[in-house]
Amino acid sequence: MALTQTVLGLVVLAVCHCSKHSQDIPGYHDLLKQGFSKLVTRESDQYILDRYDVRTLIQRMVSAEGLLSRKETGLDLSAANISEPCSVGVKLLEDGLQQRSLWAIKMLDSFFKIPSGVLDGDIIWPGQYDECININQAFNDRLTYNMTFLIHGKYFLAALLIPVDLIKTNLSMRVGLCLPDVCDETDVRELLEYYLGILFTNSSSKYEVNSVSHPETKFERTPEFIIASVICSIVGFLLLVGTLYDMFIYQRPENSDIVSGRFNKPEIEPPILNSDTAHLLSTSSQGTLIHRVLHNRKLGKFLLTFSISTNGSKVLSTEPPPPTAVQAVNGVRVLSMSWVILGHTYIFLISNFKNLIPVAPELIHRWTFQIVLNAIFSVDSFFLLSGLLVSYLTLHELEKRNGKINWLLFYFHRFWRLTPTLMLVLLVYTAYFQYWGSGPLWPPRSPDYDQCSQYWWRNLLYIQNFFPLSEECVAWGWYLANDMQFYVISPLLIYPLYRKPLIGYILCFALILMQAIYRGIISVNLKMTMNSSTNQEKFFDELYQRPYARIAPYVVGVVTGFFMWKSRRQVRLPRCVALLGWVIALGCVSAVIFGTTHENRGHKNSLSVDALYNSLSVLTWSLGVAWIIFACNTGYGGFINTFLSAGIWSPLSRLTYCAYLVHPVIMFMYSLCQRYTLYATDINMIFLFLGFWMCTYGVAFFVSMAFEAPMIGLERLLLKKQSS
């Protein structure tokens with residue numbers, strides 16, 4: 001049975017209890033055929049529209065003499081085994097259609113329709129969600145039921161598995177239906193199975209109703225909602241008070257000296273802010289709240305950590321990094337984050353492409369699209385930067401303190417730097433996501449609500465990357481788990497490099513060799529192609545997120561940081577050697593990115609060739625990026641260093657951590673809010689990428705102001721108190 005015949009039959013039967021066409025009503029194909037013949041004979045368009053008036057055709061199709069005569073179908077609604085309220089609701093819908101009631105026609109119009117491009121992969125037919133849920137009609141039925149009915153439209157999304165002989169496979173599709181609100185998911189499933197059973201009575205093919213859902217958000221006072229509301233209220237209050245305190249008290253010249261503690265003499269009276277507050281700050285009211293705040297330096301400094309004014313000016317500063325800072329890091333970090341967003345733009349939206357079948361091969365065959373396909377290396381750049389900075393800064397501390405360092409503080413700083421922001425974002429995302437959108441594809445909870453409810457503590461301990469993807473809360477947090485694990489073991493590499501460089505080199509080489517062997521073995525076991533596998537979940541679980549499969553970039557960063565510290569970033573190289581280094585580095589990164597083009601165009605590599613690429617590609621990429629940063633910090637970066645160290649990258653670089661946390665949430669919101677599928681074109685994807693990029697950094701700024709910046713300020717206060 002052809003796909004068109006199958007779905008047309010499903011629509012007609014499921015919606016209308018349809019009868020056979022009357023002989024005098026032109027069918028859809030007849031209308032097209034006759035209209036086309038008129039156009040060929042050059043008869044006027046107006047003649048065709050007059051003769052085959054669309055309004056008249058629709059009226060006749062929904063008339064009692066047309067398609068909606070249940071008596072001619074021989075279908076018994078009671079055999080569908082639906083509930084009595086739903087049976088009454090469907091009967092009212094049929095009566096409304098026969099009487100040409102507007103609410104009933106809207107409900108029928110909200111049903112899914114067969115689009116063009118089904119064979120191109122458009123298998124999501126959502127219908128009209130908003131039209132359905134906005135149906136609200138009260139009417140009196142004194143003849144049949146002797147009561148007043150209030151009809152609301154209720155939208156359902158059904159996942160069907162339909163056999164299609166044309167393509168010799170079962171087609172998994174999702175269709176939208178609109179029925180009276182007295183029906184529930186069980187009723188819709190029974191109706192679909194009943195009518196599908198009639199459609200496939202004489203067919204050996206098997207159909208299946210996989211699921212029926214009603215995308216509706218219900219307000220629930222869940223524990224995470226209550227906790228998130230309390231914390232957000234406290235944080236919001238502190239942000240408001242801290243910002244007002246900063247702007248109207250601390251930033252005033254006459255008050256800043258008092259708050260900062262430069263004047264500690266008790267005889268100095270606090271300045272008068274204005275005439276309205278003069279009586280509060282007078283000598284006779286030394287015990288007032290404002291006076292106490294002005295003289296309470298600890299409270300004042302605490303409030304300043306929540307000031308959006310102060311924190312915002314620091315984050316948004318475009319001052320270029322000083323010469324003593326590591327150069328080119330900000331540019332590499334922001335470009336890597338942009339690369340992550342670009343790759344995820346396709347990953348999050350590909351399931352909503354209505355032209356996936358023709359566009360996927362076309363994109364994969366392009367050599368330029370290898371940049372998107374190989375965006376996984378952007379994360380390796382983050383690992384490299386992390387290892388480099390930890391190594392370089394820690395070695396400076398060891399040198400300054402004669403080989404001694406507070407390792408407890410070393411670990412506390414990292415945990416405090418990442419964890420509060422991560423857990424607060426996780427909490428808000430889990431508690432509030434369902435209230436941020438609506439639509440036919442919108443879930444009743446956050447996409448990974450069940451995982452976060454059970455396994456959130458794994459994120460707190462940074463061990464989620466050792467568990468299957470199906471059990472991960474905020475799956476993109478695998479990177480943070482790896483980074484924290486690498487940070488924990490980094491002293492085992494950095495301290496030997498400081499004391500006994502040869503031992504450090506041996507340890508670093510052993511870790512790199514271990515990763516290469518492991519990745520090669522897994523590549524062979526999974527029969528992987530370059531950076532891909534037919535079993536994506538197993539690929540993610542066993543290779544993509546495991547620390548022993550991703551540690552090489554971090555180790556390369558540690559060694560690069562050691563070289564920069566050891567040389568004091570003053571290296572003299574012949575011009576030809578520096579140029580050769582750039583050629584090799586750019587050749588490495590280009591080979592890694594574009595080396596997959598030949599295979600993606602259809603050439604089949606041997607298993608050993610693919611295993612060699614998967615084994616060494618991460619290391620090769622890391623070495624190329626490491627040279628770029630090393631050259632930029634030793635005077636051989638030229639215009640590339642000028643570009644990567646420009647001040648414009650500074651604010652975006654400070655927001656990178658929050659941007660990484662929130663960008664998948666933004667993409668979830670957009671993709672799940674869509675009413676229809678997306679036709680993928682280069683222009684559409686470029687605009688979506690730019691939109692995601694801008695929204696990500698915009699939201700990241702507010703998340704940083706609310707969660708990240710205050711935590712950094714509180715850490716500084718705490719450490720200053722300990723040092724004093």
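Atoms considered below: every heavy atom in the structure, side chains included; atoms not considered: hydrogens, waters and symmetry mates. These figures come from a predicted structure and were not determined experimentally.
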Next item on the list: Would you please test N531 and N374 for side chain to side chain donor-acceptor pair (under 3.5 Å) and show each step?
Entry: CA-CA 8 Å; N531 274 342; N374 293 315; 3.2 Å; yes
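- The number of heavy-atom neighbours closer than 6.0 Å to CZ of F687, taken from other residues, nucleotides and ligands shown, is 12 or below.
- Ring planes of F383 and F486: perpendicular class, angle over 60° (limits at 30 and 60°).
- Rounded to the nearest 0.5 Å, atoms CE (M528) and CD1 (I522) are 9.5 Å apart.
- You'll find the ring centres of Y411 and W416 outside the 6.0 Å limit.
- Taking CH2 of W456 as the reference point, atom CG of L461 lies at 8.5 Å (rounded to 0.5 Å).
- Within the 4.5 Å cutoff, side-chain heavy atoms of Y432 are placed close to those of S229.
- Annotation: side chain of C658 is in contact with side chain of T421 (closest heavy-atom distance under 4.5 Å).
- Defined by atom type and a distance below 3.5 Å, a donor-acceptor pair is missing between the side-chain atoms of S671 and N352.
- Interatomic distance, CD1 of I133 versus NE2 of H152, reported as 12.5 Å (0.5 Å rounding).
- A donor and an acceptor atom, one from each side chain of E220 and T222, are nowhere located under 3.5 Å apart.
- What you find for L427 and I231 is that their closest heavy atoms are CD2-CD1, 3.8 Å.
- Looking only at side-chain heavy atoms (C-beta outward), L688 and Y670 come within less than 4.5 Å of each other.
- Annotation: cation-pi pair R458/Y455 present, NZ/CZ under 6.0 Å from the ring centroid and within 45° of its normal.
- Ring pair F410/Y487: centre-to-centre distance below 6.0 Å.
- Atom-to-atom distance recorded for F306:CZ and M705:CE is 12.5 Å, nearest 0.5 angstrom.
- In F412, the CZ atom is crowded: over 12 heavy atoms of neighbouring residues, nucleotides or ligands sit closer than 6.0 Å.
- Ring centroids of W621 and W339 are separated by less than 6.0 Å, placing the two rings close together.
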Note to self: Please evaluate residues L179 and V188 with respect to the criterion side chain to side chain contact (heavy atoms under 4.5 Å, CB included), reporting the C-alpha separation (whole Å), side-chain torsions for both, the decisive distance (0.1 Å), and the verdict.
What the structure shows: CA-CA 9 Å; L179 291 170; V188 176; 3.8 Å; yes
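- Note on ring orientation: taking the six-membered ring where Trp is involved, the planes of H663 and Y660 are tilted (angle from 30° to 60°).
- Side-chain atoms of Y346 and M685, non-hydrogen and from C-beta on, do get closer than 4.5 Å to each other.
- Checked against the 6.0 Å centroid criterion, the rings of F702 and F707 do not qualify as a close aromatic pair.
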Item checked: CA sep, side-chain torsions, deciding dist, call: F225, F219, ring pair (Phe, Tyr, Trp, His ring centres under 6.0 Å) -> CA-CA 10 Å; F225 178 87; F219 177 76; 5.1 Å; yes
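- For W436, the CH2 atom sits in a packed shell: over 12 heavy atoms of surrounding residues, nucleotides or ligands are nearer than 6.0 Å.
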Note to self: Could you walk me through whether V618 and F377 satisfy the side chain to side chain contact (heavy atoms under 4.5 Å, CB included) test, starting with their C-alpha distance in whole Å, then the side-chain angles of each, then the deciding distance to 0.1 Å, before giving a yes or no?
What the structure shows: CA-CA 7 Å; V618 172; F377 294 109; 4.1 Å; yes
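- Side-chain contact check for L678 versus I124: every heavy-atom pair is 4.5 Å or farther apart.
- Taking every heavy atom of both residues into account, A475 and L469 meet most closely at CB-CD1, 3.7 Å.
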Margin query: What verdict does the side chain to side chain donor-acceptor pair (under 3.5 Å) test give for N482 and Q545, after you've listed the backbone C-alpha separation in whole Å, the side-chain angles of each residue and the deciding distance to 0.1 Å?
Written below: CA-CA 8 Å; N482 277 271; Q545 66 170 350; over 6 Å; no
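- Here the shortest heavy-atom pairing between T430 and L426 reads OG1-O, 2.8 Å.
- W442 pairs with exactly one of Y435, Y155, Y129, F433 by the ring pair (Phe, Tyr, Trp, His ring centres under 6.0 Å) rule, that one being F433.
- We find the CD-CG distance between E190 and L192 to be 10.0 Å, quoted to the nearest 0.5 Å.
- Using cut-offs of 30° and 60° on the angle between ring planes, the pair Y548 and F466 is tilted.
- Taking CD of Q485 as the reference point, atom CG of L480 lies at 10.5 Å (rounded to 0.5 Å).
- For R675 and E131, the salt-bridge test fails: no basic side-chain N is under 4.0 Å from an acidic carboxylate O.
- In this structure, the side chains of F467 and D541 stay at 4.5 Å or more apart for every pair of heavy atoms.
- Between the side chain of W476 and the backbone N or O of L661 there is at least one donor-acceptor pair closer than 3.5 Å.
- The minimum heavy-atom distance linking V182 with P85 is given by the pair CG2-O, 3.2 Å.
- The shortest heavy-atom contact between C183 and F156 is O-CZ, 3.4 Å.
- Annotation: side chain of L239 is in contact with side chain of I308 (closest heavy-atom distance under 4.5 Å).
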Check: Between R333 and T656, does a side chain to side chain donor-acceptor pair (under 3.5 Å) hold up when you go through it step by step?
Finding: CA-CA 7 Å; R333 183 181 286 125; T656 297; 4.9 Å; no
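- For the pairing with W478, the side-chain contact (heavy atoms from CB on, under 4.5 Å) check across D483, V379, N459 returns one residue only, V379.
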Check: Can you check side chain to side chain donor-acceptor pair (under 3.5 Å) on T217 and Q434, steps first, answer last?
Finding: CA-CA 6 Å; T217 299; Q434 59 263 37; over 6 Å; no
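- The minimum heavy-atom distance linking P358 with P361 is given by the pair O-CD, 3.5 Å.
- Seen from the ring of Y544, R550 counts as a face-on cation partner, given the 6.0 Å and 45° thresholds.
- Counting non-hydrogen atoms of other residues, nucleotides and ligands closer than 6.0 Å to CZ of F237 gives a total of 12 or fewer.
- At distances below 3.5 Å, not a single donor-acceptor pair connects side-chain atoms of S704 with backbone N or O atoms of A700.
- Salt-bridge check for E193 with R189: passed, with a basic side-chain N closer than 4.0 Å to an acidic carboxylate O.
- Residues satisfying the salt bridge (charged side-chain N to carboxylate O under 4.0 Å, His left out) test with E715, not counting sequence neighbours, are none.
- Relative ring orientation between F382 and Y479 is described as tilted, the plane-to-plane angle lying within the 30° to 60° band.
- For the pair S211 and R174, the minimum side-chain heavy-atom distance is 4.5 Å or more.
- The side-chain hydrogen bond (donor to acceptor under 3.5 Å, both in side chains) test applied to S351 returns no partner, not counting sequence neighbours.
- Salt bridge R417/E708: present, at least one basic N to carboxylate O contact under 4.0 Å.
- For D181 and K154, the salt-bridge test fails: no basic side-chain N is under 4.0 Å from an acidic carboxylate O.
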